[in-house]
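Every value quoted in this text rests on a predicted model; they were computed, and no experiment measured them.
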Amino acid sequence: QLQLVESGGGLVQPGGSLRLSCAASGSTLDAYTIGWFRQAPGKEREGVSCVSSRGSNTNYADSVKGRFTISRDNAKNTVYLQMNSLKPEDTAVYHCAALRGPNWHCGLTYDYNYWGQGTQVTVSS
């Protein structure tokens, strides 16, 4: 059974940076497309970024393009989300999620099957 654990969240000032990690156990992440999602109080869950299982093709929400970068290190069974130029509106609980299959592309509206517990990101001065 695949399990995902997020880490790296915290409190940061506007304009600062954080790197989130999504560590997998029970299986290997190279067989999965991985997405990062976030949810703020009173708002719908938003897809942030994703990386495909084949070819590591990526996709980003318009709100984070140019500021966030997703990457995967299959040797460490970990996916990262580097977040730069953070804004107060980035404040949310961030979850990683996995979808098994040989996908050459990824989408933020796909039906991801496995979810982590989440890590809190707070951007405030």
Side-chain angles (χ1 to χ4, degrees):
Q1 182 73 36
L2 178 69
Q3 292 184 323
L4 304 173
V5 178
E6 303 94 334
S7 62
L11 175 64
V12 65
Q13 293 187 0
S17 298
L18 285 172
R19 188 180 74 162
L20 305 184
S21 298
C22 176
S25 61
S27 189
T28 55
L29 276 184
D30 60 359
Y32 294 84
T33 291
I34 305 297
W36 282 99
F37 300 82
R38 65 187 182 186
Q39 188 162 27
K43 298 182 67 177
E44 294 284 334
R45 185 178 66 199
E46 177 187 19
V48 176
S49 185
C50 57
V51 57
S52 64
S53 55
R54 301 287 184 89
S56 295
N57 294 304
T58 60
N59 197 9
Y60 297 90
D62 289 342
S63 58
V64 307
K65 285 181 180 176
R67 300 189 297 121
F68 291 11
T69 303
I70 191 170
S71 62
R72 63 193 306 158
D73 187 340
N74 289 334
K76 294 184 176 180
N77 223 25
T78 301
V79 173
Y80 303 98
L81 184 68
Q82 179 66 46
M83 306 186 295
N84 299 326
S85 302
L86 284 163
K87 305 174 180 179
E89 49 263 48
D90 295 318
T91 296
V93 176
Y94 284 71
H95 299 263
C96 64
L99 173 65
R100 194 176 193 275
N103 300 119
W104 284 96
H105 62 278
C106 72
L108 297 174
T109 60
Y110 289 4
D111 189 16
Y112 291 83
N113 302 119
Y114 303 94
W115 293 79
Q117 292 284 97
T119 185
Q120 176 71 48
V121 172
T122 302
V123 185
S124 177
S125 58

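Note: D30 CG to D73 CG = 11.5 Å, rounded to the nearest 0.5 Å. The distance from atom CG of L99 to atom CG of N113, rounded to the nearest 0.5 Å, is 5.5 Å. With values rounded to the nearest 0.5 angstrom, S52 atom OG is found 7.5 Å from N103 atom CG. Atom-to-atom distance recorded for Q3:CD and S27:OG is 11.0 Å, nearest 0.5 angstrom. Once rounded to the nearest 0.5 Å, the distance linking OG of S85 with NZ of K87 reads 8.0 Å. Taken to the nearest 0.5 Å, the SG atom of C22 stands 9.5 Å off from the CZ atom of R72.
Hydrophobic clustering (side-chain heavy atoms under 4.5 Å, transitive across Ile, Leu, Val, Met, Phe, Trp, Tyr) keeps Y110 apart from V64. V51 and V5 fall into different hydrophobic clusters, where Ile, Leu, Val, Met, Phe, Trp and Tyr residues are linked whenever their side-chain heavy atoms come under 4.5 Å apart, directly or through other members. A single hydrophobic cluster is seen to contain both I34 and Y114, as judged by linkage of ILVMFWY side chains at heavy-atom distances under 4.5 Å, directly or through other members. In terms of hydrophobic clustering, with Ile, Leu, Val, Met, Phe, Trp and Tyr side chains grouped at heavy-atom distances under 4.5 Å, V12 and W36 are assigned to a common cluster.
Side-chain contact between L20 and M83 is present, with heavy atoms from C-beta onward closer than 4.5 Å. Contact of the D90 side chain with the R67 side chain is registered, since non-hydrogen atoms from C-beta on lie closer than 4.5 Å. Residues Y112 and T33 are in side-chain contact: their nearest non-hydrogen atoms beyond the backbone lie under 4.5 Å apart. Residues Q82 and S71 form no side-chain contact, since every pair of their non-hydrogen atoms from C-beta on lies 4.5 Å or further apart.
Of the possible polar contacts, none joining the S21 side chain to the S7 backbone as a donor-acceptor pair under 3.5 Å is found. The closest donor-acceptor contact from the side chain of N57 to the backbone of W104 lies under 3.5 Å. Under the 3.5 Å distance criterion, the side-chain polar atoms of S53 are matched with a main-chain donor or acceptor of G101. In terms of modelled atom types and a separation under 3.5 Å, the side chain of E6 and the main chain of G118 share a donor-acceptor contact.
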| Test side chain to side chain contact (heavy atoms under 4.5 Å, CB included) applied to N84 and T69, step by step | CA-CA 9 Å; N84 299 326; T69 303; 5.7 Å; no
| said: Using side chain to side chain contact (heavy atoms under 4.5 Å, CB included), reason through C96 and V79 one step at a time and then give a plain yes or no. | reply: CA-CA 9 Å; C96 64; V79 173; over 6 Å; no
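Sparse packing is recorded around CD of Q117, with 12 or fewer heavy atoms of other residues, nucleotides or ligands lying under 6.0 Å away.
Classification of the W115-F37 ring pair by plane angle, with boundaries at 30° and 60°, yields tilted.
Looking at every heavy atom in both residues, C50 comes nearest to G107 through SG-N, 3.7 Å. When all heavy atoms are compared, the tightest approach of N77 to L29 is OD1-N, 2.8 Å. Among all heavy-atom pairs drawn from K43 and Q39, the shortest one is O-NE2, 3.2 Å. Counting all heavy atoms, side chain and backbone alike, G116 lies closest to H95 at O-ND1, 3.1 Å. The two atoms that bring G47 and A61 nearest to each other are O-CB, 3.3 Å, heavy atoms only. Shown here for R38 and A92, the closest heavy-atom pair between the two residues is CB-CB, 3.7 Å.
Listed by chain and residue number, nothing satisfies the salt bridge (Lys or Arg N to Asp or Glu O under 4.0 Å) test with R45 (two or more places apart in sequence, or in another chain).
S63 and E89 share no donor-acceptor pair across their side chains, judged by distance under 3.5 Å alone.
Here ring-ring contact (aromatic ring centres under 6.0 Å, His included) pairs that include residues 50-94, with residues two or more places apart or in two chains, number zero.
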